[in-house]
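Keep in mind that this is a model prediction, so the values were computed, not measured. Hydrogens, waters and symmetry mates are skipped; everything else that's a heavy atom, side chains included, is used.
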Amino acid sequence: MDEHQHPGEAGPDAIVCALCGARAENGTPPPTWLFSVENGSRRYFCEVCSRAHIRAVEGRLDSTWW
């Protein structure tokens, strides 16, 4: 852990759900997670958040509309 990083804080390589903050273990998202490229940046969504917003995902709405 970096000396400036606090426990529970995501590091630069950590994969974190853009909605709820769930963290992917080992820096690799499970196959059940989704990702979206919005305004040029990649955003990851955990299985729980993806399922809760599946209609918006299928409609290709940006996550800001969820």
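With hydrogens and angles ignored, the 3.5 Å screen pairs no side-chain donor or acceptor of S50 with any backbone N or O of W33.
In this view, R42 and F35, Y44 satisfy the side chain to side chain contact (heavy atoms under 4.5 Å, CB included) rule, not counting sequence neighbours. Partners of T28 under the side chain to side chain contact (heavy atoms under 4.5 Å, CB included) rule, at least two apart in sequence or in another chain, do not exist in this structure.
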Stepwise side chain to side chain contact (heavy atoms under 4.5 Å, CB included) test for H53 and L19: CA-CA 11 Å; H53 300 286; L19 292 177; 3.8 Å; yes

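The SG atom of C46 sits 10.5 Å away from atom CZ of R51, with the distance rounded to the nearest 0.5 Å. One distance of note links CG of L34 with SG of C17; it measures 9.5 Å at 0.5 Å rounding.
Of all heavy-atom pairs spanning G27 and I15, the tightest one is O-CG1, 3.4 Å.
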